2 protein chains.
Amino acid sequence: MNNYLVTVGTTPDVCYNIAAVERDTGLSKDTLRVWERRYGFPKPLRDRHDERLYSLPELEKLRLLRLLIDYGHRPGKIINRSVSELTQLISSRAPAQDTPPEIQVMIDLLLRHDVENFRNALQQALMKQGLLRFVTETVTALNHWIGEAWLAGRVAIFDEHLYSEHVQNILRNAIIAQPGRGSAPRVLLTSLPGEKHRIGLLMVEAVLAAEGAACVALGTETPVIDIKNAVPAYEVDIVALSFSSAVTQSAALAGLSELRGLLPDGAEIWGGGGALARARKAPEGILLLRSFDDMRYAIERWRVEHARR
Amino acid sequence: MNNYLVTVGTTPDVCYNIAAVERDTGLSKDTLRVWERRYGFPKPLRDRHDERLYSLPELEKLRLLRLLIDYGHRPGKIINRSVSELTQLISSRAPAQDTPPEIQVMIDLLLRHDVENFRNALQQALMKQGLLRFVTETVTALNHWIGEAWLAGRVAIFDEHLYSEHVQNILRNAIIAQPGRGSAPRVLLTSLPGEKHRIGLLMVEAVLAAEGAACVALGTETPVIDIKNAVPAYEVDIVALSFSSAVTQSAALAGLSELRGLLPDGAEIWGGGGALARARKAPEGILLLRSFDDMRYAIERWRVEHARR
DNA sequence: TTGTTCATTTGTCGTGGACAGTATTGGGTT
DNA sequence: AACCCAATACTGTCCACGACAAATGAACAA
């Protein structure tokens, strides 16, 4: 069982065990226990077996903390502040820098939950700009704004989920419709376990499609060993991995090195995304792509190198 | 760091720490440690700080064990068998029951990694059958076969990933193209944290679209509290949750009850999917849907009930 | 600015004991 | 035999708390 009903006074209150809190906050059980030991928060009730029972207010404060820590605050400095102080910290974040008006229009539609017109606006931008510019300009800007706004608490998680679904719909549709896909190089595209963001992958797939490369998209969270096995099965030249800012740079580099150790030298490995944007140098045998232009150059380079033979 | 290079004899060998093994096998750190304590497997090397270093063969055996346990074997009975015995156990599973020839054709294309023609076959089936029949017949059958074949080791994980991506492409495309979406009831569609399977959600969305209901799809893994907040924001009448066979029935029922406790009585909650197919009775205030036909009746019933007013 | 060193903070890993929840088994009853 | 319920065995999760690696921030030199 994941939760219990406990009656306190006259109002029934839902309680969460440690596994449910881990699931809903993303904080590991170890972390939850060590915070309690060190900082005295959270201080859950215990059931008759001395197991932790977290209250809803505790869970909500933990979610605020998680948000602030992701943004760069240190746990020890903020963990014992009140909920209202934390809320203030979140809303006192710098307001969004100037956004282009056409982006602002879409954001307003999303915030007003006007699903239909948001979709139409995306579709129109795609038509007007073409796939490549749509991805590198509009979607990039929207992603950036939504990420910022989410950190600042101006956008709810469900809005972000909905945004993600609609951009996926538009991109998948456009990728299919792209003419002239399927020539060399053949690229296997996926992310490692823990990396759940799909939009980055679809943006890469769109750029590959626009450049006429063949893309085998495996979706998110493919274990390294399975990538190793997929490379000969689909006869790909390149493995491209995407890392959003949600993973740490060291985890991304470690994953890339692990894969490098398993793949034959003939297969190239490309890595890109927010987590690697500030990486100094690539591990041996890995190509870091810091922008979509980098990727287009890399495709061009690959074609030149492999045309000589 | 997630892995280390350790030289044993003349061949360098990649070693995995316990976090990497948890990530790649899905077995929790607690489980890995307790198996070592009780059964003596896995018995990883230790680094200079006494931390576990798992070898690649250990990791691969753990993945086999995970597969067999998911299929119903008991850990204690199989954990000390050799890899070849385990492989044999997997392949000795009952072969697939008779599949319709048109399904078999698609499966062959997938196994041959003929991506382009697999996509075309799906698209043709959709055109021939229409969205509703395509979902309830073809995709259901394909899902079932792929799941079986994966358990039996006839299909690699990356094949399953690729299958999922392509069915998603086709379904999303078809849902957008469906005419006459957007009338009542308004349904919020998502899954709870831990449930990553998207195809089931898209199948539901397709049926809703075919029935002319308005669907707000939030993708997978929305925490319960966020669902609660999304219901008034998007003014939905019904929350529909999908649970694949990968989650246990008790976890699914607990999640549904938790949500029921947070939502106002006016909002209906529907639950469906593999995990709930064998559930005896629904918790108070939850509607269990055991088939797509159940769902179509439920939509009809909702419309009748709300037309009287 | 950019790098290097050192101190502090923070999350993960270790051990083993306990026990909840689930599956299986065994003994009755239809 | 087929069914049901209680006793038993199995299995994963939870607990405490010590240790320390990795990440971060501060102080300082180039």
Side-chain angles (χ1 to χ4, degrees), chain A residues 1-4 15-23 25-41 43-54 62 65-66 68-80 194 247-254 275 278 280-281, chain B residues 1-4 15-23 25-41 43-54 62 65-66 68-80 194 247-251 253-254 275 278 280:
Chain A
M1 285 301 129
N2 281 325
N3 61 348
Y4 304 80
C15 287
Y16 303 85
N17 66 12
I18 197 167
V21 176
E22 173 180 52
R23 184 168 48 89
T25 64
L27 299 164
S28 79
K29 292 167 193 162
D30 273 331
T31 301
L32 290 167
R33 285 193 279 251
V34 91
W35 281 7
E36 184 178 342
R37 203 196 310 169
R38 291 205 183 120
Y39 312 116
F41 180 87
K43 198 93 186 182
L45 298 174
R46 300 301 182 113
D47 68 7
R48 81 205 117 98
H49 306 292
D50 221 33
E51 304 197 344
R52 291 170 174 79
L53 289 179
Y54 295 84
L62 286 168
L65 289 170
R66 169 78 207 248
L68 286 163
I69 290 166
D70 281 348
Y71 174 61
H73 287 267
R74 307 299 304 271
K77 307 264 183 198
I78 56 174
I79 198 165
N80 279 313
V247 277
T248 63
Q249 182 180 304
S250 63
L253 292 175
R278 265 175 272 160
R280 312 262 160 151
K281 61 191 273 290
Chain B
M1 287 301 128
N2 280 324
N3 59 347
Y4 305 80
C15 286
Y16 303 86
N17 66 13
I18 196 168
V21 175
E22 174 179 52
R23 200 186 38 156
T25 65
L27 299 164
S28 78
K29 292 166 191 162
D30 272 332
T31 301
L32 290 167
R33 286 192 278 250
V34 91
W35 280 7
E36 184 178 341
R37 203 196 310 170
R38 289 205 185 119
Y39 312 117
F41 180 88
K43 197 93 186 181
L45 297 173
R46 300 300 182 111
D47 68 7
R48 83 205 117 96
H49 306 292
D50 223 32
E51 304 197 346
R52 292 171 173 79
L53 289 179
Y54 296 83
L62 285 169
L65 288 169
R66 170 77 205 249
L68 286 162
I69 289 166
D70 281 348
Y71 175 61
H73 287 268
R74 307 300 305 270
K77 306 265 184 199
I78 56 172
I79 199 164
N80 279 314
V247 277
T248 64
Q249 182 179 303
S250 63
L253 292 174
R278 267 175 269 159
R280 311 259 161 155

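Please read these numbers as outputs of a predicted model, since none were measured by experiment. Protein chains get the first letters and strands the later ones, always in sequence-line order, with residue 1 at the start of each.
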Interatomic distance, [X] [atom1] vs [N] [atom2] [rounded to whole Å]:
{"X": "Asn17(A)", "N": "dG12(D)", "atom1": "CG", "atom2": "C1'", "result": "13 Å"}
{"X": "Lys43(A)", "N": "dC15(D)", "atom1": "NZ", "atom2": "P", "result": "13 Å"}
{"X": "Ile78(A)", "N": "dT24(D)", "atom1": "CD1", "atom2": "P", "result": "14 Å"}
{"X": "His73(B)", "N": "dC10(D)", "atom1": "NE2", "atom2": "P", "result": "18 Å"}
{"X": "Glu51(A)", "N": "dT13(D)", "atom1": "CD", "atom2": "C1'", "result": "8 Å"}
{"X": "Asp47(B)", "N": "dC13(C)", "atom1": "CG", "atom2": "C1'", "result": "10 Å"}
{"X": "Leu32(B)", "N": "dC13(C)", "atom1": "CG", "atom2": "P", "result": "11 Å"}
{"X": "Asp50(A)", "N": "dA20(C)", "atom1": "CG", "atom2": "C1'", "result": "14 Å"}

| Results of salt bridge (charged side-chain N to carboxylate O under 4.0 Å, His left out) for Arg46(A) - residues two or more places apart only |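 Arg46(A): salt bridge (charged side-chain N to carboxylate O under 4.0 Å, His left out) contacts with Glu36(A).
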
Short side-chain N/O contact from [X] to OP1 or OP2 of [N], under 4.0 Å:
{"X": "His49(B)", "N": "dA21(D)", "result": "yes"}
{"X": "Arg33(B)", "N": "dG14(C)", "result": "yes"}
{"X": "Lys29(B)", "N": "dT12(C)", "result": "no"}

| query | Which angle, to the nearest 10 degrees, lies between the helix axes at the two ends of the helix from dT1(C)-dA30(D) to dT30(C)-dA1(D), each defined by five pairs? | reply |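 Between the axes fitted at each end of the helix from dT1(C)-dA30(D) to dT30(C)-dA1(D) lies an angle of 40°.
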
Atom [atom1] in [X], atom [atom2] in [Y]: separation rounded to 0.5 Å?
{"X": "Arg52(A)", "Y": "Cys15(A)", "atom1": "CZ", "atom2": "SG", "value": "14.0 Å"}
{"X": "Glu22(A)", "Y": "Asn17(A)", "atom1": "CD", "atom2": "CG", "value": "10.0 Å"}
{"X": "Ile69(A)", "Y": "Arg74(A)", "atom1": "CD1", "atom2": "CZ", "value": "9.5 Å"}
{"X": "Ile78(B)", "Y": "Leu68(B)", "atom1": "CD1", "atom2": "CG", "value": "4.5 Å"}
{"X": "Tyr54(B)", "Y": "Lys43(B)", "atom1": "OH", "atom2": "NZ", "value": "11.0 Å"}

| request: Indicate yes or no: at least one non-hydrogen side-chain atom of Leu62(B) is less than 4.5 angstrom from one of Leu32(B). | output: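 Side-chain contact under 4.5 Å: yes.
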
| task | Give one of base, sugar-phosphate or nothing for Arg52(A), where a contact means two heavy atoms less than 4.0 Å apart. | result |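 The residue Arg52(A) makes sugar-phosphate contact but no base contact.
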
| message | So Arg46(B), base contact, sugar-phosphate only, or nothing? Heavy-atom distance under 4.0 Å. | response |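 Result for Arg46(B) = sugar-phosphate.
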
| said: Can you list everything that forms a side chain to side chain contact (heavy atoms under 4.5 Å, CB included) with Tyr39(A)? Sequence neighbours excluded, please. | reply: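 Expected list: Trp35(A), Ile79(A), Asn80(A).
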
| said: Once side-chain hydrogen bond (donor to acceptor under 3.5 Å, both in side chains) is applied, do any residues pair with Arg66(B), and if so which ones, sequence neighbours excluded? | reply: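 Testing Arg66(B) for side-chain hydrogen bond (donor to acceptor under 3.5 Å, both in side chains), a comparison that skips the adjacent residues, returns Asp70(B).
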
| message | Counting primed atoms plus P, OP1 and OP2 as sugar-phosphate and everything else as base, spell out the protein contacts along nucleotides 6-11 of chain C at 4.0 Å heavy-atom distance: B, S or - for each nucleotide, 5' to 3'. | response | ---SBB

| request: Identify, between Arg48(B) and Glu36(A), the residue whose nearest nucleotide on DNA chain D lies closer to the 5' end. | output: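 Its nucleotide being nearer the 5' end, the pick is Glu36(A).
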
